[in-house]
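Structure first, then comments.
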Protein chains: 2
Amino acid sequence: MRVKPQTRAVEDYTKTIYTIAERGDVPTTNAIAGELDVRPASVTGMLRKLAALQLIRYEPYRPVELTEAGRRIALEVIRHHRLIETFLAQALGMPWDQVHEEAEILEHAISERLEDRIAEALGHPEFDPHGDPIPRRDGTIARRELRPLPAFSSGEAVRIARIRRQDAEALRYLGSLGLTPGTTVMIHDKAPLDGPLTLELRDLGTSIVLAHHMAQTVMAEHGDAS
Amino acid sequence: MRVKPQTRAVEDYTKTIYTIAERGDVPTTNAIAGELDVRPASVTGMLRKLAALQLIRYEPYRPVELTEAGRRIALEVIRHHRLIETFLAQALGMPWDQVHEEAEILEHAISERLEDRIAEALGHPEFDPHGDPIPRRDGTIARRELRPLPAFSSGEAVRIARIRRQDAEALRYLGSLGLTPGTTVMIHDKAPLDGPLTLELRDLGTSIVLAHHMAQTVMAEHGDAS
DNA sequence: ATTAGAAATTAGCTATGGCTAACTTACAAT
DNA sequence: ATTGTAAGTTAGCCATAGCTAATTTCTAAT
Ligand SMILES: [Mn+2]
Ligand SMILES: [Mn+2]
Ligand SMILES: [Mn+2]
Ligand SMILES: [Mn+2]
């Protein structure tokens, strides 16, 4: 799946462009700068380089688009990232709120050989601890029809599948409530005007209340289908 | 054990200076350049920087010496390196001739938190797959009285403890002969004039012949003491 | 059609850590 | 004591990738 040796910056920019587009946002200079925590002027510089490398299509003042080659690199780095997260959580018992930060660096440091060994040791997982899909070696990636919790109706039982958030703070909070991928919850009540949701944890039978903006980051699918 | 964030170059140079001195060589500009595969002129530049950072004592045209701060950084990186080698071998079944290359990069990428988790998962090992001692968190390091195989006499039984070599080629060869740390061998014969050694593998009862210059890299201790 | 303001780009820096080519220094052999 | 040579240093490059400040462009509201 690797194409040729890339610098860390090239890997981070292509990954960022991919994820911005994947979540439905537009990969503008400012959006990329915000995501990577660099100044817009620096992004313009890198975009020129990525365009020269044929990894993006770039017209000044316009949003960018990954080429097939750029997409391949992005998926490669994301595969590293999510495999590492999964490995750290499963093999080393690292809490799910710490794995992202660690993977952010390790994703650039592991060889294809190690990538394969990790995938093998984990049994080629399809999803990471946050429910993010792990791109396969061949560049394909699992697609699911997920909706945020507030998009379901009261009375529905849903299976939490993915948390669209990576900051440790939020993850620790959601984890403490038991809202992790795989958990089934019943939507008990939705307060009006974007008010909090009341959820019932199927397994424990306990009831929890979750702010609308937090529930918005919890993606789920119908019933308790696996 | 960490002091403050260091660049990869700073970590590699201090590590290299430490290992050159540790094996009994003199850390000159040329020796460091050879080890790191850079030009001597580049080494001079970095030595000036390391001196400014108070990590080495440096007088132009003289061999360098690590300060206490420099030594701490070197030991930290070496601890990372050897813990990673051990982890890759034990937890992922990676062959001992591949772990060095991988660790050479990962040593700069893991956090102190991950370092601790790896050490914990392995039960705080004292030695890596090559028998190299793993510096402890407190900066101390196991010392052993080892001698190369040719330094023993015919008829002696010795326990292999360390291989002073890191190239995959040599490690694969020694591994194929069964000459790995922990193995006990009997020195059967030493041909004169730096000729090959004939060894008997205790467990298998088989006999092998090893060139003098290879035997020179195999460090052992008397008997089969653990 | 104008135009204000946001978004993006350009120009010109900086730091890091490589390199080659030219030079200086140290020292060992005479 | 002199001097040739290897070792080491200096000077002047280069690439990468960040920054600020100044400028240009796009667009949406008038
Ligand atoms: Mn990254
Ligand atoms: Mn994730
Ligand atoms: Mn290294
Ligand atoms: Mn080792």
Side-chain angles (χ1 to χ4, degrees), chain A residues 3-17 20-21 24-66 69-70 73-74 77 104-105 107-109, chain B residues 3-17 20-21 24-66 69-70 73-74 77 104-105 107-109:
Chain A
V3 184
K4 69 176 154 173
Q6 304 294 345
T7 69
R8 180 177 167 157
V10 167
E11 294 186 347
D12 275 340
Y13 276 82
T14 52
K15 178 179 84 158
T16 297
I17 291 164
I20 288 173
D25 288 344
V26 182
T28 60
T29 298
N30 270 358
I32 297 166
E35 201 81 11
L36 287 172
D37 197 26
V38 297
R39 300 306 116 217
S42 306
V43 172
T44 300
M46 275 303 290
L47 293 184
R48 287 166 48 42
K49 164 173 300 191
L50 293 177
L53 290 172
Q54 309 247 59
L55 300 178
I56 61 172
R57 274 175 288 277
Y58 170 54
E59 307 270 4
Y61 297 100
R62 309 232 61 89
V64 296
E65 206 181 4
L66 288 175
I73 290 172
V77 180
E104 201 57 51
I105 296 169
E107 64 188 8
H108 309 292
Chain B
V3 183
K4 71 176 151 173
Q6 303 294 344
T7 69
R8 181 177 164 157
V10 167
E11 293 186 349
D12 275 339
Y13 275 83
T14 52
K15 181 180 82 158
T16 296
I17 292 163
I20 290 172
D25 289 344
V26 182
T28 59
T29 298
N30 271 356
I32 297 166
E35 201 81 11
L36 287 173
D37 197 26
V38 296
R39 300 304 117 217
S42 306
V43 173
T44 300
M46 275 303 291
L47 293 183
R48 288 167 44 43
K49 165 174 298 190
L50 293 177
L53 290 172
Q54 309 247 58
L55 300 178
I56 61 170
R57 274 175 289 275
Y58 170 54
E59 306 270 6
Y61 298 100
R62 307 233 63 92
V64 297
E65 205 181 5
L66 288 174
I73 290 172
V77 181
E104 200 57 53
I105 295 168
E107 65 188 6
H108 309 292

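Each chain gets a letter, A, B and so on, in the order its sequence line appears, and its residues count up from 1.
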Between atom [atom1] in [X] and atom [atom2] in [N], what is the gap in whole Å?
X        : N       : atom1 : atom2 : answer
Leu36(B) : dG18(C) : CG    : P     : 8 Å
Leu50(A) : dG18(D) : CG    : P     : 11 Å
Arg48(A) : dT16(D) : CZ    : P     : 14 Å
Asp12(A) : dT16(D) : CG    : C1'   : 14 Å
Lys49(B) : dG17(C) : NZ    : P     : 4 Å
Arg62(B) : dG8(D)  : CZ    : C1'   : 12 Å

Query raised in the report: The side chain of Tyr61(A) lies closest to which of these nucleotides: dT16(C), dT24(D), dC27(C)?
Result: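 Closest nucleotide to the Tyr61(A) side chain: dT24(D).
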Requested in this report: Name the closest nucleotide to the Ala41(B) side chain, picking from dT16(D), dT10(D), dC19(C).
Outcome: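 The nucleotide sitting nearest to the side chain is dT10(D).
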Requested in this report: Check every strand shown and say whether Ser42(A) touches a base, only sugar-phosphate, or nothing at a heavy-atom separation below 4.0 Å.
Outcome: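 Touches a base.
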Query raised in the report: How is Thr44(B) classified with respect to the nucleic acid when contacts are heavy atoms under 4.0 Å: base, sugar-phosphate, or nothing?
Result: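 Base contact.
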Query raised in the report: Hey, is CZ on Arg57(B) packed in by over 12 heavy atoms from elsewhere, all under 6.0 Å?
Result: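 Counting other residues, nucleotides and ligands, CZ of Arg57(B) exceeds 12 neighbours.
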Query raised in the report: Within a strict 4.5 Å, meaning less than it, do heavy atoms of the Glu35(B) and Ile17(B) side chains meet?
Result: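 Sidechains of Ile17(B) and Glu35(B): no contact.
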